[in-house]
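Below you will find the structure I want to go over with you.
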Amino acid sequence: MEGHSHHRAGPPSVQEPTFHVHSVGLYLWVLIRLVVLMVLTVVLAQVHFPDIDFRFFILHGTMINNLVAMAIAVTKGLLVMLFFMGYKYATKLTKLWAAAGFVGFALIFLVFGDYATRKYEPTPRWTGDPGSAMMRSIKESRTDEEFRALPRGER
Amino acid sequence: MSAPAIEASELTAPHEEQKNYLNADHTVASWLLTGDHKRIAIMYLISVSFFFMIGGIFAGLIRLELISPTGVLLESETYNKIFSAHGIVMIFLFLVPSIPAVFGNFLLPIMIGARDLAFPRMNLASLYVYWLGGGLITLGLLTGGVDSGWTFYTPYSSLYSNSQVSLVIIGIFFAGFSSIMTGLNFIVTVHKMRAPGMTWFRLPLFVWSMYATSVVMLLGTPVIAITLLLVFAERTLHLGVFSPELGGDPVLFQHLFWFYSHPAVYIMILPSFGVISELMANFSRKRVFGYHFVAFSSLAIAGLGFLVWGHHMFVSSQSMYQGVVFSLVSFLVAVPSAVKVFNWTATMYKGHIRLQTPMIYAIGFIGLFTVGGLTGLFLACMGTDVHLTNTYFIVAHFHYVMVGGAMMGFLGALHFWWPKMTGHMYNDTWGKFNALLVFIGFNLTFFPQFIVGFLGMPRRYHYYYIAPEFTPYHIMSSAGASALAVGLIVPAFYLVSSLRGKRKASANPWGAHGLEWQTASPPITLNFVETPIVTDEVYDFSHMDEYEQRRGTAEMTHPGEGLQQDKNLDIVGTKEDK
Amino acid sequence: MASVAEDHGHGDMVVHVHHQFENIDQQNESYIVGMWCFLVTEIMFFGALFIMYILYRWNYQQDFYGAHLELSQPFHMFGLQEFPIWGSINTTALLISSFTMVMAVRAAQLRQKMVVLKNLGVTCVLATLFLVIKFTFEWPPKFQHHLVPGPNFHPHAEVLHGAAPRASEIFFSLYFAMTGLHAIHIIAGIGVIGALMFLWNKGATSVTEDYVPTEMIGLYWHFVDLVWIFLFPLFYLIPA
């Protein structure tokens, strides 16, 4: 294994970097599209879409609203990522790691597999409070006797 | 650390005391403001060992308490705080950082032929953030501790617990950031800073496993950061997203918590896998069998590890159908681990095995990790898990993989790279017997726990007077714990005393392969005098046989004979002073 | 990697290479990849919150709709019922600030110090505008209407617009958590951009001779904008 000279004892190395400068017009083009999409998403959020009946399931109008809103948000996000953040012109390594973030995010969606396949019922309330996330100490909760004294409907 | 006067003229060192990273500068500021990854690694080593000792003290208290069925030493709430403290300190302050922050930091740049990590200042920042997190956790434990378990299940931890949950959570938050910074550094370093000729498939397997660990650190740690932050917010700002009174779902906390905490166990074990690969190859003097399989299995474990978290929640009212999916993937993730174990065993076959201390730890690892992994399969199966969950079976399982696996890997790494890091050689006989003591003590501690867990002893209970038949198992376990404790304290003595001893290590005392063994022990600050160009494959022992083997054995068994310096390699051999 | 730059001849274009790197392209790419890796952690950080939000919205759709009406103002023109004016102004402000940020990066590539300072300054101003709107027009009304989760959460029925109080408390917990966390990132961003402006003003070579530090901060800022692009429809534009 032979060595390879990189003397560190001299002055620090200085070199010319290589990079690509884009035009102002490109960025302005992206900005205009972003603002247009924003206006569009605000307007479309209030459009009342009709329910579409596929044979085996019904696509509710509100679901279409959500899909449209998310599609527009994704488009805006892609515009920001590709052009403002330079993803389109980045090296392969940069693209790999940028994409990895979203892949990682997609992994958490597996959580919904749980909620989609069981009947998720929020816990019926067990105190008289109308519901507030107050920190309680165990002493303040009701004792067993009090609990059993309540009629069934109010437990 | 001054070197004794070097007598022989065999050495061509121009000055008396070799300049290396340890004696490059002696001021405190030069250590605390260093960018040198090696110094940072040494500071991590001291910190991690300190927290290991703290966690070990808590473990001792647990085992003391469990000797008696009625729990005479501690009250229930105190016991809750003790086992929570043991878990938090051991996991977040010892196991997660240990091998990456100490050996990854020290060795990764050297193994790939770089002068330093990609972001030295971020490396230093990760150390400070670790100290901050560790300090906050310690403060929280000293001012009352937490009694929610290291798992912080809501709504107990967010609403009802009267302990220092908030403070400890902030400490864990910072410790997590330290972990993220380390992982980020490693990823960029491995991608961008390999020496010429160091292709991906010439990387030592330690580097592959560090890379896989870093991927998991990067993707997983932020999720627990936000989850714990939300628990903190629920305690302090009343933002109740996990509280059932509002219709929130406590199981959601468990989903998000385990989404990190399961990959976290892979953060803890993958570096050990890398260490064992190195030890197996070098002490069998043979290329690791199926190098590509072992390399890709690290990545597979990292990837699949993100898809199995629900196996911690089989009995938590999680959907049964989702449980089936998690169960299946949990069985799948055992496959790459098994691939590694088979490949290491095959590496030993027909190798030239030398049973020195690191190898004892490595062989012990294979046995203990196999037991831990196989018992994990019982837990991956939903049906048996219903019986075994929340019992001591689980405790035994994870201690087999964490202590028998990750900690043995840490000790093996410590003993293997100690001469490289410090330039001194310890007494190998002490090391070997200590390894045996650790192995025996460990098995005596944790094997009875499998049995008593199967028989029904729940975990996190400090009394079991309703089942006094468990007592013999607990007594065996506590006795083993004493032996294990001795086995873990003794290395501190012979390792530290080796620093003051006169047995200096050559650049390659083990006759091992790898770029780190081509540079001085301890290395100079910039690691290499000249950037190496890699031309031979990894674990290629064919060229080294002629002199390395003699060198390695000579250094170990016939100290003081003086070694010739090889002019082709950047090695500083020293003559031992008697 | 990148092709040769178009206009490149502005005097000395050399950049100091740090000791651990071999050449400037390796250094630059390392910094950019490193920044993206940090953004990956931020994606996971916010991602968990988005997952929580999606879960609760899926389970409490009607309640979330009722509660979110507090974030908009009634607006009966062009066939619309309500218009989230403050949210829209904030979104526009962030989009424009993203534009000025990328213009600052471009100017940094061309070493045009005054253009950099101007664009960074406008970015800061817009970000401050975002925060001012949030903390004077958006959050205080919630405090006044007792919509802050916790022991003081007792809004009147008309403020909830028909939503159940418990589910609304979850909505507002998520609202404050997510917009609060985002606001913390904006505050940090303003601080960092301010520091960058200070260094550019001083002419420190660490930022003037190489555009990559400015680009790294630009990436962070665009990420903050990206998160808001998704927060805005999720919180402010819930369909009936």
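Order of the sequence lines sets the chain letters (A, B, ...), proteins ahead of strands, with each chain counted from 1.
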### Query
Which heavy atom in Phe45(C) sits nearest to a heavy atom in Ala225(B), and how many Å separate them?
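Where Phe45(C) meets Ala225(B) most closely, the heavy atoms are CE1-CB, 3.7 Å.
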### Phe174(B) atom CZ: more than 12 heavy-atom contacts under 6.0 Å
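Not more than 12 within 6.0 Å, no.
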### Query
Counting heavy atoms not belonging to Tyr321(B), are there more than 12 under 6.0 Å from its OH?
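12 or below, so no.
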### Query
So what's closer than 4.5 Å to chain B heavy atoms on Leu181(C): side chain, backbone, both or neither?
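Just the side chain, heavy atoms under 4.5 Å.
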### Message
To the closest 0.5 Å, what do you measure between CZ (Phe38(C)) and CD1 (Ile180(B))?
### Response
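Rounded to the nearest 0.5 Å, the CZ-CD1 separation comes out at 8.5 Å.
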### Message
Heavy-atom count check: over 12 atoms from other residues, nucleotides or ligands less than 6.0 Å from Phe198(C) CZ?
### Response
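Atom CZ in Phe198(C) is not packed in, count stays at 12 or less.
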#### Entry: Distance, nearest 0.5 Å, that separates CG of Leu239(B) from CE of Met178(C)
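Atom-to-atom, Leu239(B):CG and Met178(C):CE are 12.5 Å apart.
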### Query
Where do Ala48(C) and Leu256(B) come nearest, in terms of heavy atoms and distance?
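In this case the closest contact between Ala48(C) and Leu256(B) is CB-CD2, 4.2 Å.
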#### Entry: Part of Val188(B) within contact of chain C (heavy atom distance under 4.5 Å)
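Interface part for Val188(B): side chain.
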### Contact leader toward chain B among Val33(C), Leu49(C), Ile43(C), Val40(C), where contacts are heavy-atom pairs under 4.5 Å
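So the answer, after comparing Val33(C), Leu49(C), Ile43(C), Val40(C), is Leu49(C).
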#### Entry: Best-contacting candidate, Ile224(B), Leu229(B), Ile187(B), Leu219(B), against chain C by heavy atom pairs under 4.5 angstrom
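Looking at each of Ile224(B), Leu229(B), Ile187(B), Leu219(B) in turn, Leu219(B) comes out on top.
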With 3.5 angstrom as the limit, list the donor-acceptor pairs from chain B to chain C, or say none if there aren't any.
unit_1	atom_1	unit_2	atom_2	d
Arg115(B)	NE	His19(C)	O	2.7
Arg115(B)	NH1	Glu22(C)	OE2	3.2
Arg115(B)	NH2	His19(C)	O	3.3
Arg115(B)	NH2	Phe21(C)	O	3.3
Arg115(B)	NH2	Glu22(C)	OE2	2.8
Ala118(B)	O	Gln20(C)	NE2	2.7
Lys192(B)	O	Gln26(C)	NE2	2.5
Lys192(B)	NZ	Glu29(C)	OE1	2.5
Gly240(B)	N	Ser173(C)	OG	3.2
Val241(B)	O	Tyr56(C)	OH	2.6
Glu245(B)	O	Arg166(C)	NH1	3.1
Gly247(B)	O	Tyr60(C)	OH	2.6
Asp249(B)	N	Tyr56(C)	OH	2.8

### Message
Using 0.5 Å steps for rounding, measure from the SG atom of Cys37(C) to the CG atom of Leu184(B).
### Response
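With rounding to 0.5 Å, SG (Cys37(C)) is 4.5 Å from CG (Leu184(B)).
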### Task
Answer with side chain, backbone, both or neither: which region of Ala177(C) has an atom nearer than 4.5 Å to a non-hydrogen atom of chain B?
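Contact with chain B: backbone and side chain both.
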### Message
Once rounded to the nearest 0.5 Å, what's the spacing between atom CZ of Phe253(B) and atom CE of Met52(C)?
### Response
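CE of Met52(C) is found 10.5 Å from CZ of Phe253(B).
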